[in-house]
Number of protein chains: 2
Amino acid sequence: MNRTPSASAEDYLKALYALSTAPDASERVNTKAIADRLSLSQPSVTSMLKSLQKQGLVSYASYRGAALTADGRTEALRVIRKHRLIEVFLHRMLGYSWSEVHDEAERLEHAVSDTLIDRMDAALGFPDFDPHGDPIPGRDLTMRSHDAVCLLEIEPPCEVTIKRVMSQDSAVLDWLGQRGIRPGAPIRLVHLSPFDGPAEIAIDDRAIHLGRGLASMLRVRPVDAD
Amino acid sequence: MNRTPSASAEDYLKALYALSTAPDASERVNTKAIADRLSLSQPSVTSMLKSLQKQGLVSYASYRGAALTADGRTEALRVIRKHRLIEVFLHRMLGYSWSEVHDEAERLEHAVSDTLIDRMDAALGFPDFDPHGDPIPGRDLTMRSHDAVCLLEIEPPCEVTIKRVMSQDSAVLDWLGQRGIRPGAPIRLVHLSPFDGPAEIAIDDRAIHLGRGLASMLRVRPVDAD
DNA sequence: TTTCAAAGTTAGACACGGCTAACATGTCAA
DNA sequence: TTGACATGTTAGCCGTGTCTAACTTTGAAA
């Protein structure tokens, strides 16, 4: 009863991990939230949760949502580690842009062995972050914590460094990338318009106005924090 | 009705290709031969052949065996191309030995996109052969012909170069590799014992005696043929 | 020409992972 | 406290790809 999770099961575990570690998330995760995230019907989710519980990866109670067990969390982190290392590998070794890596990694993460991923890790020099700035769990499958904060929580004006861009949408990533907005880039938060207005930032002395949606995807650290 | 073949379907197409291009193969391939090669039951094969026929990849008639259609052949070659390029990639870029590459490639071949494989191909400098000396179909999906002959067809004594080692068994490959028997290695066929006896070869002036089984896996070219 | 073993197919089952339709439960607002 | 509506589950279906058991066909030897 403890076989390797199927590709589908891995996707559920990843979704569960992401939803339960989201900024404002509760302990237990909704059936609906999982269904929405994976674009599946709710009954499909119910049935997979029961199956994952039988495998000891999820704790689940009818009408009460689900949570990862310690084992489930480990499996989720194993997949996330694979996903992010593959992203770095595609980016650095094969010239993929950061907007292209996600979809390819989404398929490969279910096919690469633990051995292969460790060799990729070594070939890359044991990177800590993927091309989007997402932290890569180490071989011990613990998630590194990330001390960056949301751009919208900064008091303008302020010089910050972009640490992480929390989007997987390739159109968004292309648009940001063309403007130099990527992890490591130094930017200046100039102004935050009230009433959910845009954020004005400056990068290389060029002004860019970002809607709140986009701005909230940027995780930054004040320059003097180092 | 012309979707991308499933991972299973790809395995059947590869098997069909291998069996129908084997040295002494007939036009049509047995159900049993496929079942044996894939370690599946015969009824499973019958049912998949019907499905592949419906997809236009295989021509099949009850009790008459099966053959690839032009489309099926193309799909088979696409998978073989992926498999062999992945093998080269693992070997050259990630330090895999030639006895390790097959199993990993067997899983990855179903997950890599055409785009990724083309980038790997370019990163490797468009190799013509995989680590076992098997020819890699080009982007146009045509199989390069291979002018090497079986070691057992050579008249000893004769200096030859090993061109290809037709085994996927890692124990066999390790044993051969430890003795320097790999594509590119120059060897001397010293003697062929009669009555299905061993082949005596010399490599770096060291004598090695190979059973017919092993010897028949070696494809070579006489040194003066270049 | 007959027969019989090997090869092939059909029938029917199962696990997996989806789905829709219908029913059950929870929760918030009145 | 009680609806009403959002959320969740159950029931039952489907397609894929596998299996075993039972039956059919083929083809080669007698």
Side-chain angles (χ1 to χ4, degrees), chain A residues 1-16 19-20 25-67 72 75 79 106-107 109-111, chain B residues 1-16 19-20 22 24-67 72 75 79 106-107 109-111:
Chain A
M1 66 196 48
N2 242 341
R3 292 181 7 266
T4 297
S6 67
S8 282
E10 289 182 344
D11 286 338
Y12 280 90
L13 295 174
K14 267 200 312 175
L16 222 26
L19 292 168
S20 63
S26 67
E27 180 83 8
R28 314 216 111 224
V29 178
N30 270 350
T31 299
K32 177 144 197 303
I34 302 170
D36 287 349
R37 175 171 251 262
L38 298 177
S39 297
L40 295 173
S41 69
Q42 293 191 143
S44 299
V45 175
T46 298
S47 106
M48 180 60 91
L49 289 177
K50 288 180 177 176
S51 155
L52 291 173
Q53 177 170 57
K54 215 169 291 177
Q55 294 168 63
L57 299 171
V58 150
S59 106
Y60 165 74
S62 260
Y63 296 104
R64 290 290 123 97
E75 285 308 314
V79 182
E106 201 66 25
R107 268 172 297 110
E109 66 190 6
H110 306 300
Chain B
M1 64 196 53
N2 242 342
R3 294 182 1 267
T4 297
S6 67
S8 282
E10 289 182 344
D11 285 338
Y12 280 90
L13 294 173
K14 267 201 311 176
L16 223 26
L19 292 168
S20 63
D24 54 339
S26 67
E27 181 82 9
R28 316 215 110 226
V29 178
N30 271 349
T31 298
K32 178 146 197 301
I34 302 170
D36 287 349
R37 175 171 251 262
L38 297 177
S39 296
L40 294 172
S41 70
Q42 293 192 141
S44 300
V45 175
T46 298
S47 108
M48 179 60 91
L49 288 178
K50 287 180 178 177
S51 155
L52 291 173
Q53 176 167 59
K54 216 169 292 179
Q55 294 168 61
L57 299 171
V58 150
S59 107
Y60 165 74
S62 259
Y63 296 103
R64 287 292 121 98
E75 285 308 313
V79 182
E106 202 67 25
R107 269 172 295 112
E109 66 189 6
H110 305 301

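Residue numbering restarts at 1 for every chain, and letters A, B, ... go by the order of the sequence lines.
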Review point. If you take all heavy atoms of B:Glu109 and B:Lys14, which pair is closest and at what distance?
Key: OE2-NZ, 2.7 Å
Review point. Rounding to a whole Å, what distance do you find between A:Leu49:CG and D:dT9:P?
Key: 8 Å
**Study point:** Student check: side-chain heavy atoms of B:Leu49 and B:Leu16 closer than 4.5 Å
**Key:** yes
Check your understanding: How long is the span from the CD1 atom in B:Ile34 to the OG1 atom in B:Thr46, to the nearest 0.5 Å?
Key -> 9.0 Å
Check your understanding: From A:Gln55 CD over to A:Ser6 OG, what is the distance, rounded to the nearest 0.5 angstrom?
Key -> 7.0 Å
Point to revise | Whole-Å distance separating the NZ atom of A:Lys50 from the C1' atom of C:dG18 | key: 15 Å
Point to revise | Interatomic distance, A:Asp11 CG vs C:dG17 P [rounded to whole Å] | key: 11 Å
Check your understanding: What string of B, S and - do you get for nucleotides 14-28 of chain D, 5' to 3', when a contact is any protein heavy atom under 4.0 Å?
Key -> ---SBBBB--BSS--
Practice item. Could you tell me whether the phosphate oxygens of D:dT9, OP1 or OP2, come under 4.0 Å of any side-chain nitrogen or oxygen in A:Thr46? Key: yes
Review point. Distance-only, no hydrogens or angles: does the B:Arg28 side chain make a donor-acceptor pair with backbone N or O of B:Gly65 under 3.5 Å?
Key: yes
Review point. OP1 or OP2 of D:dG8 less than 4.0 angstrom from a side-chain nitrogen or oxygen of A:Tyr60, does that happen here?
Key: no
Review point. Once you round it to whole Å, what is the distance between P of C:dT27 and CG of A:Asn30?
Key: 10 Å
Practice item. Take the protein atom CZ of A:Arg28 and the nucleotide atom P of D:dG8, then report the distance between them rounded to whole Å. Key: 12 Å
Review point. Is B:His110 close to B:Asp11 at the side-chain level, that is, under 4.5 Å between some pair of heavy atoms?
Key: yes
Review point. Roughly, in whole Å, what's the span from CD1 in A:Ile34 to C1' in D:dG8?
Key: 12 Å
